[in-house]
Amino acid sequence: MIYYVIALIVFLVDQGSKWLVKTNMDLGQEISVIGDFFYITSHRNRGAAFGILQDQRWFFIVVTIIVVVALVWYIQKIKSQPDKLLPLALSLVLAGAIGNFLDRLLMGEVVDFFKFNFGSYTFPIFNVADSAIVVGVALIILDTLLESRREKRREEDQQVGQQEGKE
């Protein structure tokens with residue numbers, strides 16, 4: 001249950017922050033947070049990450065429904081395992097997917113507002129849901145690497161045990 005509570009909290013932070021931007025800022029308005037480096041800006045995205053696949057609303061809705069069902073199924077499958085990193089990661093991805101899904105479903109676009117400039121390069125504008133997805137995927141990759149190391153250690157321990165049994 002804790003993983004769904006985490007997902008709900010992240011979802012509510014995402015939706016609350018988007019609501020604040022929508023209701024308090026004009027489209028395109030920017031508020032400097034850290035000089036020319038970090039801005040809160042009011043931006044809309046009709047596509048996916050980095051603005052790809054613009055105006056493919058129904059594609060995203062269908063794909064997100066499939067992803068959400070798969071995530072819930074997998075969280076249910078692994079939630080009682082001792083490893084807690086993977087279900088946490090999946091709950092972050094779930095929250096982000098649902099947060100952006102709701103925007104697309106209700107408005108046909110996603111509210112983005114975090115803007116970072118690195119010199120002359122502006123990183124694509126994003127939101128809390130996007131951040132949750134990226135952090136969740138990074139944690140999934142970390143969990144995969146850690147599991148690979150654990151598996152390797154188990155194999156090594158098994159080989160040592162077999163060697164000791166022969167002696």
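When reading the values below, keep in mind they use all heavy atoms of this one structure, side chains included, and skip hydrogens, waters and symmetry mates.
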| said: I'd like to know whether the aromatic ring centres of F37 and F118 sit less than 6.0 Å apart in this structure. | reply: yes

| request: Look at R104 together with E109 and state whether they make a salt bridge at an N to O cut-off of under 4.0 Å. | output: no

| request: Grab the two heavy atoms, one from G28 and one from T41, that are nearest each other, plus how far apart they are. | output: O-OG1, 4.0 Å

| Distance in Å, L86 CG paired with D143 CG, rounded so as to fall on 0.5 Å steps | 4.5 Å

| E151 (side chain) donor-acceptor with S148 (main chain) under 3.5 angstrom | no

| said: I'd like to check L92 versus V137 (side-chain heavy atoms, cut-off strictly below 4.5 Å). Are they in contact? | reply: no

| task | For residues H43 and L27, determine if any side-chain heavy atom of one lies less than 4.5 Å from a side-chain heavy atom of the other. | result | no

| If you look at every heavy atom in L139 and A89, which pair is closest and at what distance? | CB-CB, 3.5 Å

| query | Under a 4.5 Å cut-off applied to non-hydrogen side-chain atoms, are M1 and K79 in contact? | reply | no

| Minimum side-chain heavy-atom gap N117-F123 below 4.5 Å | no

| task | Identify the residue among L12, V5, V10, I6 that makes a side chain to side chain contact (heavy atoms under 4.5 Å, CB included) with L8. | result | L12

| remark: Closest heavy-atom pair, A7 versus S91, reported as atoms and distance to 0.1 Å, is CB-O, 3.5 Å

| task | For the residue pair I31 and M25, establish whether any side-chain heavy-atom pair is separated by less than 4.5 Å. | result | yes

| message | I'd like to know if the side chain of R46 reaches the main chain of G108, judged simply by a donor and an acceptor atom lying under 3.5 Å from each other, with no hydrogens or angles considered. | response | yes

| In Å, rounded to the nearest 0.5 Å, how long is the span from OG of S17 to NZ of K22? | 10.0 Å

| query | Same cluster or not: are V62 and V67 linked, directly or through other Ile, Leu, Val, Met, Phe, Trp or Tyr residues, by side-chain heavy atoms under 4.5 angstrom apart? | reply | no

| query | In Å, rounded to the nearest 0.5 Å, how long is the span from CZ of F113 to CD of E30? | reply | 14.0 Å

| task | Return the minimal non-hydrogen interatomic distance between I40 and F38, and the atom names on each side. | result | CD1-CZ, 3.8 Å

| note | Minimal heavy-atom distance between I65 and F101, with the atoms involved, is CG1-CE1, 3.8 Å

| query | Given side chains that start at C-beta, do those of D130 and F114 come closer than 4.5 Å, heavy atoms only? | reply | no

| Residues D103 and K18 bridged, charged N to O under 4.0 Å | yes

| Any side-chain heavy atom of V134 within less than 4.5 Å of one from F126? | no

| message | What I want to check is whether the side chains of N127 and N100 have a donor and an acceptor closer together than 3.5 Å. | response | yes

| request: Drop me the distance from T122's OG1 to D36's CG, to the nearest 0.5 angstrom. | output: 10.0 Å

| said: Under a 3.5 Å threshold, yes or no: a donor from one side chain and an acceptor from the other, between Y3 and Q76? | reply: no

| query | What pair of heavy atoms forms the shortest contact from D14 to G99, and how long is it? | reply | OD2-CA, 3.4 Å

| query | Do W73 and I78 share a hydrophobic cluster, counting only Ile, Leu, Val, Met, Phe, Trp and Tyr and linking them when any side-chain heavy atoms are less than 4.5 Å apart? | reply | yes

| Would you say the side chain of V128 lies within less than 4.5 Å of the side chain of F11, judging by non-hydrogen atoms? | no

